[in-house]
Amino acid sequence: MTVSLILWGHALAALMFGVLALAVMRRARLDATDRALALALFVTALWALAVAGIDSRDVATSLALAVRNIAWLGLMALLVRRARTGGYALLAVYLVAIGMALLTAILAILQTLPFDGEGAAALYGASLVCRMMSAVAGLVLVHHLAITLLPQHKARLIPIAITVATMWSMDLATAALGYALGAWPDALIAVYGFAMAGAALVLGLAQRRGDRGLMVSRAAALRSLSIAGAMAYAALTVGLTSAAASWAGDNVRLVQTAIIFGATAALMTLMSTPWLRAWLKVKVAKHLFRHRYDYRAEWQRFTDRLGRPGDAADPLDLRIVKAMADLTDAPAAMLLVADGAALIAGASWAWSLAGEGSADLGQHLAASGRIVELDAVRRGAAPAVETAAIPGWMLDQPDAWALVPLIHGTSLIGAILLARPPVDRPLDWEDLDLLRVAGRQAASYLAEDRAHAALADAARFDEFNRRFAFIIHDLKNLVSGLTLVARNAERHADNPDFRADMVATLKDSATRMNALLARLSQHHQAADEPVQPVDAGELAQRLAAGRRAQHPIDAAGAGVALAQPGRLEQLLGHLLQNAVEASPAGAPITVAVGRHDAGIAIDVIDRGVGMSPAFVRDRLFRPFVSSKPGGFGIGAYEARQLATAMGGTLEVASREGEGTRFRLILPPAPALEAAA
């Protein structure tokens with residue numbers, strides 16, 4: 001099985017490196033670096049082919065290994081020379097690496113000579129030591145390449161650095177394990193081939209991306225290192241089980257099982273430890289990338305969490321707290337909300353702190369906008385005004401790490417208190433810049449959410465005010481009618497007809513007041529009346545009779561219209577009340593019912609002051625606009641709304657000094673329904 005894996009892994013690596021060498025050679029313009037890269041790829045393909053076709057311990061394979069190492073060292077020397085970096089110490093490392101590679105080849109040739117057992121063992125051990133020293137020197141050069149050239153030439157050098165680091169790391173592990181065990185680690189050689197195939201895949205992806213090179217994200221680097229660590233851990237486990245076979249004796253199976261079980265349990269424990277993940281993330285960002293944060297990825301994650309529609313279980317305040325904590329890997333966080341000049345505790349995540357509001361802290365954060373590093377306050381390294389503003393309960397909490405103000409414009413919306421991350425570290429300029437920008441973004445979301453809540457409250461109050469404006473308008477009409485009845489009663493109380501009209505008016509007013517009381521009830525829901533045939537002439541007669549105690553009203557004509565009885569009565573009541581208020585005392589009002597084209601027309605005509613064309617056109621049907629002193633401007637607006645709801649139209653014709661005619665046109669009732 002192991003032999004097959006060695007064959008397939010190295011054959012795949014040979015194929016991939018050979019294809020890459022041909023791809024580099026086919027470029028239109030080749031410089032010295034391209035030629036050196038093509039040579040290194042081609043020699044690596046030959047070495048992998050030798051391992052697959054011959055044996056990893058054969059002299060030809062050892063010679064190919066030495067040539068491969070020298071080719072890659074030459075490419076790295078060319079890159080460093082172009083960048084004009086390094087000195088005598090770096091030159092010494094190069095000489096050691098090349099010398100050890102050549103000595104490995106010489107010792108491999110000497111092993112073909114007929115030495116006795118001790119001599120052959122000494123040559124074997126010396127060749128492994130030289131191979132380890134060559135790999136260590138190569139890794140030192142890779143480290144120099146990473147710290148000096150990667151920041152300026154990241155796109156081109158990352159895949160090369162990954163390839164040579166993989167190659168020499170596997171060389172070092174193979175030689176070290178072979179030297180420790182005294183036997184060649186065939187299992188690790190099998191892993192070697194597939195690792196080199198993976199490195200070739202990285203190089204191939206970089207070639208396909210052209211000038212942009214291969215951009216390795218932090219997530220990819222973290223996963224790659226985790227996988228590499230797991231593979232190295234597995235290789236160490238394989239080596240230990242192989243070593244146990246030589247010294248465990250009859251208990252070899254028991255010892256090997258214990259090693260595998262213990263190693264697996266330890267690996268799972270380490271991989272599931274939050275501290276280890278945080279530590280590895282910090283080290284990757286510190287040593288492999290110029291900046292601590294991947295700003296594009298962090299900002300996308302931050303805005304995605306804030307922009308998700310919230311629900312009762314995950315409101316905006318809590319999403320903001322979690323998003324701010326995610327930026328610095330804080331295990332807990334709490335929102336302090338501005339309440340006047342003070343900051344009081346709001347939403348929290350994985351943290352329950354009880355502290356009183358602080359007006360001094362709110363004033364300090366609003367004035368300075370500074371992110372507070374609480375460890376500096378505890379050490380006494382913060383400004384005196386900042387130290388005085390931080391409340392004691394916050395400093396007494398050892399996990400409290402940083403306080404980020406949320407500022408929108410010039411206003412302090414709140415602050416986020418972050419817990420100490422698993423890998424403790426002081427805040428640097430990258431943390432401060434990212435948290436400052438994120439705090440302003442979170443503040444804008446909070447301010448927008450509060451503005452929406454205020455608008456919703458204003459809309460509810462507006463609806464409340466609008467409803468009561470209509471009710472007050474109806475009350476005013478009732479009061480006006482009763483006032484006219486009381487005034488006319490002083491002159492016509494002895495008239496039996498007047499007394500009958502007065503009783504009818506009082507009954508009508510009582511009915512309308514009960515309807516208003518029902519509308520004022522919080523549990524009242526207006527019933528939706530069906531459209532039905534209504535005798536408009538009879539309704540006009542009844543309304544006129546009920547209001548004659550207020551003002552002279554004449555009703556004439558007949559017609560059956562399709563309407564909602566309650567709404568039609570309310571509509572005509574508005575029109576009659578407006579006519580009464582606009583007419584001088586004693587000037588009669590006429591209600592005429594008749595056919596008009598294909599509908600039923602109801603005209604309410606007065607001989608009052610009238611209205612100008614401009615007022616009729618621009619202001620008559622607008623709510624809260626009236627031509628009468630103290631008027632509410634509701635009647636005409638509500639009359640048109642009621643007419644439209646019943647499928648009718650309301651027209652008006654008016655002249656100043658002559659009077660006004662309102663005409664309501666409704667659909668006629670079918671003949672059979674009208675007869676019924």
Side-chain angles (χ1 to χ4, degrees), residues 9-25 27 33-52 64-80 94 97-98 101 131 134-150 153-174 188-189 191-210 212-217 220-221 223-225 227-229 231-232 284 287-288:
H10 285 82
L12 179 61
L15 176 62
M16 297 178 69
F17 276 102
V19 171
L20 286 175
L22 293 176
V24 173
M25 292 299 296
R27 290 178 181 173
T33 305
D34 291 330
R35 295 189 187 92
L37 176 60
L39 177 62
L41 293 172
F42 181 71
V43 175
T44 304
L46 291 180
W47 162 81
L49 192 61
V51 175
L65 176 69
V67 175
R68 182 205 69 179
N69 290 344
I70 293 172
W72 284 106
L73 289 170
L75 173 63
M76 296 174 63
L78 186 59
L79 293 172
V80 172
Y94 268 106
I98 294 175
R131 189 168 176 174
S134 177
V136 170
L139 290 174
V140 171
L141 295 175
V142 172
H143 179 263
H144 174 77
L145 189 73
I147 63 175
T148 57
L149 298 183
L150 275 184
H153 308 281
K154 184 182 297 184
R156 189 172 188 180
L157 294 184
I158 281 181
I160 294 177
I162 290 175
T163 302
V164 291
T166 302
M167 181 177 68
W168 281 321
S169 296
M170 294 302 298
D171 261 354
L172 178 61
T174 303
L188 191 57
I189 295 297
V191 175
Y192 197 166
F194 290 102
M196 290 301 292
L201 179 61
V202 172
L203 273 174
L205 292 175
Q207 297 298 320
R208 291 197 54 155
R209 290 177 63 92
R212 293 181 297 168
L214 181 67
M215 303 303 294
V216 180
S217 67
R223 292 190 183 98
S224 299
L225 287 178
I227 293 172
M231 292 176 62
V284 167
H287 296 291
L288 296 184

What distance separates [X] [atom1] from [Y] [atom2], expressed to the nearest 0.5 Å?
{"X": "T33", "Y": "L78", "atom1": "OG1", "atom2": "CG", "answer": "4.0 Å"}
{"X": "T44", "Y": "N69", "atom1": "OG1", "atom2": "CG", "answer": "8.5 Å"}
{"X": "I70", "Y": "L65", "atom1": "CD1", "atom2": "CG", "answer": "9.5 Å"}

Minimum heavy-atom separation for [X] and [Y], please, with both atom names.
{"X": "A195", "Y": "M170", "result": "CB-CG, 4.3 Å"}
{"X": "A199", "Y": "T163", "result": "O-OG1, 3.7 Å"}
{"X": "I98", "Y": "L73", "result": "CG1-CD1, 3.7 Å"}
{"X": "A52", "Y": "A11", "result": "CB-N, 3.8 Å"}
{"X": "A64", "Y": "V43", "result": "O-CG1, 4.2 Å"}
{"X": "A13", "Y": "G193", "result": "CB-O, 3.8 Å"}

Please tabulate, for side-chain N and O atoms in residues 17-25, each donor-acceptor pair with protein atoms closer than 3.5 Å (sequence neighbours left out).
none

Of all residues at least two apart in sequence or in a different chain, which pass the side-chain contact (heavy atoms from CB on, under 4.5 Å) check with [X]?
{"X": "A40", "answer": "A71, W72"}
{"X": "L46", "answer": "F42"}
{"X": "A165", "answer": "V142"}

**Study point:** V51 and M196: CA distance, side-chain angles, deciding distance, side chain to side chain contact (heavy atoms under 4.5 Å, CB included) verdict
**Key:** CA-CA 12 Å; V51 175; M196 290 301 292; over 6 Å; no
Point to revise | For W47, ring-ring contact (aromatic ring centres under 6.0 Å, His included) partners two or more places apart | key: H10, Y192
Check your understanding: Under the salt bridge (charged side-chain N to carboxylate O under 4.0 Å, His left out) rule, what pairs show up with a residue in residues 195-204, not counting sequence neighbours?
Key -> none
